[in-house]
Amino acid sequence: IMLHSTLALSLLLIAVSSNLAMAIKKEKRAPQTLSRGWGDDITWVQTYEEGLYQAKKSNKPLMVIHHLENCQYCQALKKAFAENEEIQEMAQNNFIMLNLMHETTDKNLSPDGQYVPRIMFVDPSLTVRADITGRYSNRLYTYEPQDMPFLIENMKKALRLIQTEL
């Protein structure tokens, strides 16, 4: 009996410690550095390549946010983006999300120049959606804090276009 209870106890300890290890791993992810303040509940991919892979695999559009830390327009947009529940929820559930502080080698992501902030969508077919633009003709993919309703419409459009075109 002694042996039996020792075995049971050690199995219990193993189970607890592996659960703890998983909890610690999960915990590590919580103050998520990849979010950079755009939304901590969102799962962010680390690179554009990973984003493309996940988009194709999951059949979800990839949303790419280009921004810089010291850009006041980016900071203002980030705040509005992070505080908007509808955007956060859609980003969390329906999109592969990437925020980048550097340019990618994909020239399709800078069709009208390399400015920040800009938000672009890439279809699961890996096509950059140059047709989903913001309100400004001089910087097509710029959004301002007051443009969140417009961004929501564009997110819905990105989702709708997949269903109709693939």
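Just so it is clear, the values below take in all heavy atoms, side chains as well, and ignore hydrogens, waters and symmetry mates. Residue numbers start at 1 and run along the sequence shown.
- Ring-plane geometry between W44 and F81 is classed as tilted, the angle between the planes lying from 30 to 60 degrees on a 0 to 90 degree scale.
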Identify all side-chain donor-acceptor contacts of residues 147-156 below 3.5 Å with residues at least two apart in sequence or on another chain.
residue : atom : partner : partner atom : Å
D147    : OD1  : R135    : NE           : 3.1
D147    : OD1  : R135    : NH2          : 2.9
D147    : OD1  : Y136    : OH           : 3.4
D147    : OD2  : Y136    : OH           : 2.9
D147    : OD2  : E144    : N            : 2.7
N154    : ND2  : T133    : O            : 2.8
N154    : ND2  : Y143    : OH           : 2.7
K156    : NZ   : E86     : OE2          : 3.2

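- With sequence neighbours left out, the side-chain contact (heavy atoms from CB on, under 4.5 Å) criterion links Q54 to V45, E50, K57, I96.
- The CG atom of N94 sits 11.5 Å away from atom CE of M63, with the distance rounded to the nearest 0.5 Å.
- Checking E83 against Q88 by side-chain atom types alone, no donor-acceptor pair falls below 3.5 Å.
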Run the numbers on V116 and Y73 for side chain to side chain contact (heavy atoms under 4.5 Å, CB included), then give the verdict. CA-CA 8 Å; V116 290; Y73 304 104; over 6 Å; no
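- By the side-chain contact (heavy atoms from CB on, under 4.5 Å) test, K107 is found to be paired with no residue, residues two or more places apart in sequence or in another chain being considered.
- Heavy-atom contacts from other residues, nucleotides or ligands closer than 6.0 Å to CD of E89 number 12 or fewer.
- Expressed to the nearest 0.5 Å, how far CG of L109 lies from CG of L98 amounts to 9.0 Å.
- The side-chain contact (heavy atoms from CB on, under 4.5 Å) test with F121 singles out one residue from D131, I132, L159, and that residue is I132.
- R129 is not listed as a side-chain neighbour of M120, based on a closest heavy-atom distance of 4.5 Å or more.
- Note that CE of M97 and OG of S35 are 10.5 Å apart. Values are rounded to the nearest 0.5 Å.
- Counting heavy atoms from C-beta on, the side chains of V64 and Y141 never come closer than 4.5 Å.
- Put simply, CG on D106 and CG on L52 are 7.0 Å apart, with the number rounded to the nearest 0.5 Å.
- Here the straight-line distance linking atom CG of D112 with atom CZ of R139 works out to 9.0 Å at 0.5 Å rounding.
- With values rounded to the nearest 0.5 angstrom, C71 atom SG is found 12.5 Å from Y115 atom OH.
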